[in-house]
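See below for the structure under consideration.
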Amino acid sequence: MSQTEGYPYKTISELYNHPIAEEKVMTKGWVRTRRTTRTVSFVELVDGTTLRSLQIVLPHEKISQERIEAEIHTGASLAVSGILMLTPTRAQPFELIAEDYILYGPADPQSYPLQKKNHSLEFLREISHLRVRTRTFQAIFRIRGGISFAIHKYFQERGFVYVHTPILTPSDCEGAGQLFQVTTLPLYRVPMHPDGRVAYEKDFFGKPAYLTVSGQLEGELLAMGLGKIYTFGPTFRAEPSHTPRHLAEFWMIEPEMAFYDLDMTIDLAEDFIRHLVIYSLTHFEEELAFLQERYEKNLLNELNSIKEENFLRLSYTEAIEVLQRSGRSFQYPVEWGCDLQAEHERYLVEEYARRPVVIYNYPKHIKAFYMRQNEDGKTVAAFDVLFPRVGEVIGGSQREERYDKLIARMQELNMDLFSYQSYLDTRRYGSVPHSGFGLGLERVLLFLTGMTNVRDVIPFFRAAGQMA
RNA sequence: GCCCGCUUAGCUCAGCGGUUAGAGCAUCUGGCUGUUAACCAGAGGGUCGCAGGUUCGAAUCCUGCAGCGGGCGCCA
């Protein structure tokens with residue numbers, strides 16, 4: 001590089017925000033494409049700070065065509081110093097007339113897998129280390145990062161305390177869901193007792209340990225002192241689910257509020273999601289426009305409708321009646337007490353309501369033990385939020401705070417009370433009504449980005465049989 | 001876990017019993033050119049996912065396996 005001094009580094013985003021005519025600048029990024037003519041070459045440079053590219057003009061009288069053609073291919077990384085010229089009559093508002101450049105890293109065009117167009121999301125999933133070089137994934141991960149911030153902002157501004165619940169948990173203090181076991185025992189020779197049981201007292205914690213499937217139980221304990229808390233972290237499920245909506249490692253947000261009943265919690269859930277949609281619309285206009293053009297033609301309409309319309313709230317019993325009156329023949333028959341199947345939920349959301357639906361007061365036998373039993377003796381104060389295109393985004397409930405009712409339900413389900421001592425303690429000492437819900441980050445991102453597979457909204461996905 | 005579909009050039013795909021397997025883009029070569037998914041011409045590039053089988057003949061039909069995708073279940 002002959003001329004680096006006097007060329008301050010600016011990102012492409014900074015140049016778009018404040019273009020200064022005839023300014024000497026250096027900018028750095030990756031080559032999206034190159035076009036060569038007799039006297040100049042054009043390079044489209046991107047750097048991840050914006051979806052827009054910067055056109056670099058390389059005059060052959062300053063930089064030889066031979067060098068350009070040998071070094072600059074799609075994917076190569078460069079630092080370019082030059083002078084910014086405004087070009088209001090051209091397709092781009094300005095361009096950088098290069099004085100010189102440094103080649104940081106070449107990209108062999110014979111082997112570099114990315115081209116300037118037309119890659120399937122399936123193909124890009126196979127090269128998750130490189131897919132972030134595409135505008136699609138830059139848009140998605142930019143939104144993911146921004147939404148994560150918006151989630152913290154939402155709760156922090158409302159007095160919720162961000163708490164860290166354990167990733168490693170003891171064996172049976174979780175609800176349903178298959179667990180990943182964590183051990184330091186040698187798998188090639190697991191220590192056993194004579195009767196064939198594993199000698200867990202020799203394992204790291206002296207007993208079995210697993211990756212968490214939810215921070216809820218610990219979240220409840222913390223809410224019993226802090227009032228309103230939320231967790232935001234990774235969660236693990238060892239279910240071999242082969243669907244576009246499931247991951248083995250995913251991120252979940254779980255608020256838990258002392259003194260909240262079911263209605264207050266549903267209000268919070270709806271307001272929370274609406275807030276995220278509005279945040280996305282106001283902070284990611286460029287990204288959403290790109291994703292709409294490329295993937296989901298109705299994306300902005302869908303997002304805007306969330307802003308304006310309330311969610312439809314139906315009790316489980318009402319939902320069953322709607323389904324029975326629909327005249328539809330469903331694969332799974334509809335009767336009070338059945339669990340709602342995907343086809344039922346899809347009918348309610350996409351045909352009946354045509355907007356997000358909240359279903360509440362489910363039969364107790366299809367829901368978890370900790371959900372608060374209603375006066376009718378049949379239902380519990382649980383709710384799900386169902387979204388178009390995505391399905392269930394939130395599941396939550398008012399928790400059973402009455403010690404006797406909780407114990408009775410647990411005994412009914414043959415649960416081991418001993419391993420829930422700390423959980424039960426919160427009902428023995430100063431128990432209060434409280435509620436919470438869990439929101440799957442990746443599922444919300446499907447709705448926000450127009451993607452259809454959760455593997456495309458997390459940088460490196462982990463699913464059964466696949467570690468990208 | 002069950003069901004369905006796909007797998008042909010670096011990428012996206014066509015070909016679905018019959019000569020040496022095709023296109024667009026990408027790559028390379030040449031031409032043209034302040035270009036905008038630049039353009040024009042030419043070239044290279046494929047044991048048609050793998051293993052069997054049927055047939056005079058298989059990318060094409062059958063079986064098994066694998067990978068990927070989708071539907072269902074479980075859920076967030």
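No hydrogens, no waters, no symmetry mates; every other heavy atom, side chains included, goes into these values. What you see is a predicted model; the values in this text were computed from it and never measured. Numbered from 1 within each chain, the chains take letters A, B, ... in sequence-line order.
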Salt-bridge test for Arg328(A) and Glu343(A): reply yes if a basic N is under 4.0 Å from a carboxylate O, no otherwise. no

With under 30° as parallel and over 60° as perpendicular, where do the rings of His164(A) and Tyr162(A) fit, or are they tilted in between? perpendicular

Specify whether Phe272(A) and Tyr154(A) have parallel, tilted or perpendicular ring planes, treating 30° as the upper limit for parallel and 60° as the lower limit for perpendicular. tilted

Can you measure Arg245(A) atom CZ to A76(B) atom P for me and round it to whole angstrom units? 13 Å

Specify the separation, in whole Å, of atom CZ of Phe123(A) and atom P of U12(B). 6 Å

Earlier contact from the 5' end, RNA chain B, for Tyr112(A) and Glu95(A): Tyr112(A)

Could you work out the separation of U33(B) and A14(B) based on their P atoms and round it to a whole Å? 39 Å

Between C4(B) and G45(B) - C1' atom distance, rounded Å: 35 Å

Salt bridge check, Asp263(A) against Arg313(A): does any charged N sit closer than 4.0 Å to a carboxylate O? no

With distance as the sole criterion, do the side chain of Ser241(A) and the base of C74(B) form a donor-acceptor contact below 3.5 Å? yes

G70(B) versus G53(B) - spacing of their C1' atoms, nearest Å: 30 Å

Respond yes when some side-chain nitrogen or oxygen of Thr243(A) is under 4.0 Å from OP1 or OP2 of G69(B), and no when none is. no

Could a donor-acceptor pair under 3.5 angstrom be found where the side chain of Gln55(A) meets the base of U35(B)? yes

Base, sugar-phosphate, or nothing: which does Thr39(A) touch, judged by heavy atoms less than 4.0 Å apart? nothing

Could you check whether Arg67(A) makes a cation-pi contact with Tyr101(A), meaning its NZ or CZ is under 6.0 Å from the centre of the six-membered ring and within 45° of the ring axis? yes

Searching all strands shown, indicate the nucleotide that pairs with G45(B) (Watson-Crick or G-U wobble; both distances under 3.5 Å). none

What's Ile394(A) touching, base or sugar-phosphate or nothing? Going by heavy atoms closer than 4.0 Å. sugar-phosphate

Counting the atoms with a prime plus P, OP1 and OP2 as sugar-phosphate, which does Gln92(A) contact under 4.0 Å by heavy atoms, base, sugar-phosphate, or nothing? base

Using a distance-only criterion (donor-acceptor N/O pair, under 3.5 Å, no hydrogens), is the base of C11(B) paired with the side chain of His119(A)? no

Roughly, in whole Å, what's the span from CD in Glu44(A) to P in A37(B)? 8 Å

Have a look at Ser111(A) and say if it touches a base, only the backbone sugar-phosphate, or nothing, with a 4.0 Å heavy-atom cut-off. nothing

Students often mix this up, so state it plainly: with edges at 30° and 60°, are the rings of Tyr423(A) and Tyr420(A) parallel, tilted or perpendicular? perpendicular

Please classify the nucleic acid contact of His242(A) as base, sugar-phosphate, or nothing, using heavy-atom distances under 4.0 Å. base

What is the separation between atom CD on Gln110(A) and atom C1' on C11(B), rounded to the nearest whole Å? 14 Å

I'd like the C1' distance from G34(B) over to G24(B), given in whole Å. 27 Å

Distance-only donor-acceptor test (3.5 Å): side chain Arg455(A), base C68(B): no

Using Watson-Crick or G-U wobble geometry with both distances below 3.5 Å, tell me the partner of C16(B), or none. none

A76(B) base stacked by Phe250(A) (centroids within less than 5.5 Å, tilt under 30°): yes

Could you tell me whether Arg346(A) contacts a base, only the sugar-phosphate backbone, or nothing, with contacts defined as non-hydrogen atoms closer than 4.0 Å? sugar-phosphate

Of Arg135(A), Arg35(A), Arg52(A), the residue whose pairing with Glu44(A) passes salt bridge (charged side-chain N to carboxylate O under 4.0 Å, His left out): Arg35(A)

For C28(B) and His73(A) - does any side-chain N or O of the residue sit under 4.0 Å from the phosphate oxygens OP1/OP2? yes

Hey, which of Trp336(A), Phe383(A), Tyr316(A) is the one that makes ring pair (Phe, Tyr, Trp, His ring centres under 6.0 Å) with Tyr362(A)? Tyr316(A)

Please state the P separation for the pair G49(B) and G10(B) - nearest whole angstrom. 13 Å

Under 4.0 Å, heavy atoms only, any strand: does Tyr332(A) hit a base, just the sugar-phosphate, or nothing? sugar-phosphate

Exactly one of Glu442(A), Glu122(A), Gln466(A) clears side-chain contact (heavy atoms from CB on, under 4.5 Å) with Arg455(A), and that residue is Gln466(A)

Base partner of C25(B), which must satisfy Watson-Crick or wobble distances under 3.5 Å: G10(B)

Please give the nucleotide sitting opposite G34(B) as a Watson-Crick or G-U wobble pair, both distances under 3.5 Å, or none. none

Taking only the side-chain nitrogens and oxygens of Arg35(A), find out if one of them lies under 4.0 Å from OP1 or OP2 of A38(B). yes

Using whole Å, report how far CE of Met451(A) lies from C1' of A76(B). 19 Å

Quick one: does Gln115(A) reach the base of G10(B) with a side-chain donor-acceptor pair under 3.5 Å? yes

Taking the same atom, C1', in C75(B) and in G5(B), what whole-Å distance lies between them? 25 Å

With RNA chain B as reference, determine whether Ala342(A) or Val454(A) sits nearer its 5' end, using the nearest nucleotide of each. Ala342(A)

Determine the interatomic distance between P on A59(B) and the same-named atom on G22(B); round to the nearest Å. 14 Å

Base partner of U54(B), which must satisfy Watson-Crick or wobble distances under 3.5 Å: none

Whole angstrom is fine here: how far is it from CD in Glu345(A) over to P in G71(B)? 14 Å

Would you indicate what Arg90(A) reaches in the nucleic acid, counting non-hydrogen atoms under 4.0 angstrom: base, sugar-phosphate, or nothing? base

Just compare C74(B), U36(B), U35(B) and give me whichever is closest to any side-chain atom of Phe42(A). U35(B)

Provide, to the nearest angstrom, the distance between the CD atom belonging to Gln331(A) and the C1' atom belonging to G71(B). 10 Å

Nearest-Å distance, CD1 (Ile359(A)) to C1' (A76(B))? 16 Å

Given that both distances must come in under 3.5 Å, which nucleotide forms a Watson-Crick or G-U wobble pair with G5(B)? C68(B)

Please report the distance separating the C1' of C40(B) from the corresponding atom of C25(B), rounded so that it comes out in whole Å. 16 Å

